[in-house]
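A short worksheet on the structure shown next.
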Amino acid sequence: MKNQELAKIFYEIADFLEMEEIAFKPYAYQKAAISLDTLEEDAAEIYKKGGLKALEKIPGVGKSIAEKIEEYLKTGKIKHYQDLKKKMPVQIEELTAIEGVGPKTVKALYKSLKIKNIEDLEKAARVHKIRGLPGFQEKTEKNILQGIAFLKRSKGRFLLGEILPQVKEILGQLKTLKEVEQISVAGSVRRMKETIGDVDILIVSKKPDKVMDFFVSMPGIIKVWAKGPTRSSIRVEQGFDIDLRVVAKKSYGSALQYFTGSKEHNIATRRLAIEKGLKLNEYGVFKNKKMIAGWREPGVYRAIGLVWMPPELRENQGEIEAALRQVQGKLNGLPKIIGYQDIKGDLHCHSDWDGGNNSIEKMAEAAQQMDYEYLGITDHTKFLRIEQGLDERQLAQQRKEIEKINAKIQNPNYSKSNPKSKFQILQGCEANILNDGSIDIKDEALKKLDYAIAGIHSSFKMPKAKMTERIIKAMKNPYIKIISHPTGRILKKRDEYQCDFEKILRAAKTFGIVLEINSQPRRLDLNDQNIRRAKEMGIKMVINTDAHHTSHLRFMDLGIAQARRGWAEKKDIINTQPLDRLLKNFKK
DNA sequence: GCCGTTTTCGGCCCGACTGTTTTCAGTCG
């Protein structure tokens, strides 16, 4: 699929044009890039079917950008883009990924110091060449170094959300081979960790050579690091590495256990095996050199005195002890963590009312296809002008529109893809918590909604005490039911904002506030650790996608995975409740 | 460069924050 490649180029063109201070064009390219990024149909297919005219039907794509797409599909290049790069040969994407560095800064740094990439920039900043340039002083130099350090900490790691679709695709391809008897992903992907170093896939096959030949010649591979009968290693276009291992059928369970990890979990399980006079490795569980388990994963756990546990729990964060208690029939065994099928609706998504991509009706249709009972439309409110936030009057208008669509959907004659399910759109909003902790929408308007979410979208760098107070004040508003993305972190980009999270948790408990587990691949906020703490305190949570596009509703699995990693059970998550119970609880 | 119940030109991308200023430029959401 060429869509993402094209999107990347158009994002870069937008940055280059911004450098040149060209008005409005960057915005147009950005819009086209976003549009392509979220487009479900392949641009190459669209072009094949309908030519330039069909490309121009893509939102944000007009004559000029359609021609550039055509040029790229035909030649693999876009001349306009290459000219821009020639004029300013900088790694624009890499440099602007540094927090606080944008196109103008990149341009100034290139003009004065010929800085082309992060390496150049870090060197220059370290020897204090940045300070003293017009508009740059000590503080900016420090911020740049901090930004680079942050980026490096997460370098080489990829977001679960960007890797998972690729892994599913590759597993699907391998499964088509008749030589593959068994196959599974292992490692941190199987544990659904928020970021991933590389991907491990295990298979059982009688003809490993054939499987390996197929593996290293799959489309989208840019490098083959190693190819052998038991292990091959490749790098794919997206930049991450995949290891494929062929293991013996009788060792499949123990290999899966071993390669799933985590390392800490494995150390603990091996220690447990030793205590029982056993040896556990990737080939099996052995008693005096005699193999007693290894064929299947549950058998491996049973052999060392445990019970099988979901990969999301395997971090040696108490799961081994819990499993032992369970085996001994004691209280506090393994949690019955929430399942991937337990969610009944999504309570945080955006429509085209606040500049999102799809209409309320389209979002609702997509939610119905996911077998949901309800979908909460929670558009941004007026403080966020760039997102075209709604004011009190627009919220009232939107209410009428939602009632109209609900009446239409609930009409028995409505042609629906899923005729059995009842479905209702709820109206909420994602209001802004202003600097003083007040909400940017009047109580009288909040009151008329089914529920309201509040979130922080500005002033992330407040002092800790003030930020804590700010959030707690918002929680005291009787109409606010949910706090969205409670810690504000952006993976690979920005740390959490400073706040006393324990205090926030206590306040959430006191005021009956539900904390969100935001499923956006870059957020996953709350994270697994915080989910666990919230659960321990008996605080309710909600898993939401924060979708700005129908396709984003699919992020739900990422949020559920983090909830599972945080030991959350079905009862801890409010959107596992059927609609009537949910609404009753909101009224309380 | 895109778009159209303002329809082939003229809008679109606003406001807060930060770090640099002494009235502003760049970045971010």
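Sequence lines set the chain letters: A, B, ... in the order given, protein chains first and strands last, and positions in each chain run from 1.
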Assign [X] to base, sugar-phosphate, or nothing according to its heavy-atom contacts below 4.0 angstrom with the strands shown.
{"X": "Lys31(A)", "value": "nothing"}
{"X": "Lys142(A)", "value": "nothing"}
{"X": "Lys104(A)", "value": "sugar-phosphate"}
{"X": "Ile98(A)", "value": "sugar-phosphate"}
{"X": "Arg494(A)", "value": "sugar-phosphate"}
{"X": "Ser458(A)", "value": "nothing"}

request  = For residues Met88(A) and Phe16(A), determine if any side-chain heavy atom of one lies less than 4.5 Å from a side-chain heavy atom of the other.
outcome  = yes

query = Would you say the ring centroid of His350(A) lies under 6.0 angstrom from that of His549(A)?
reply = no

query = Has Tyr27(A) got its ring stacked on dC12(B), by the test of a centre gap below 5.5 Å and a plane angle below 30°?
reply = no

query = Quick one: Ile58(A) CD1 to dC3(B) C1', roughly how many Å, whole number?
reply = 16 Å

query = What residues in residues 390-405 of chain A put a non-hydrogen atom under 4.0 Å from any atom of DNA chain B?
reply = none

Considering only distance and modelled atom types, tabulate donor-acceptor pairs under 3.5 Å from the side chains of residues 98-107 of chain A, sequence neighbours left out.
from	atom 1	to	atom 2	distance (Å)
Lys107(A)	NZ	Met19(A)	O	3.3

task = Check whether NZ of the Lys or CZ of the Arg Arg494(A) lies under 6.0 Å from the centre of the six-membered ring of Phe460(A) and within 45 degrees of that ring's axis.
result = yes

message = Could you tell me if Lys79(A) sits above the aromatic ring of Tyr81(A), with its cationic atom closer than 6.0 Å to the ring centre and no more than 45 degrees from the axis?
response = no

query = dG1(B) pairs with which nucleotide, Watson-Crick or G-U wobble, both distances below 3.5 Å?
reply = dC12(B)

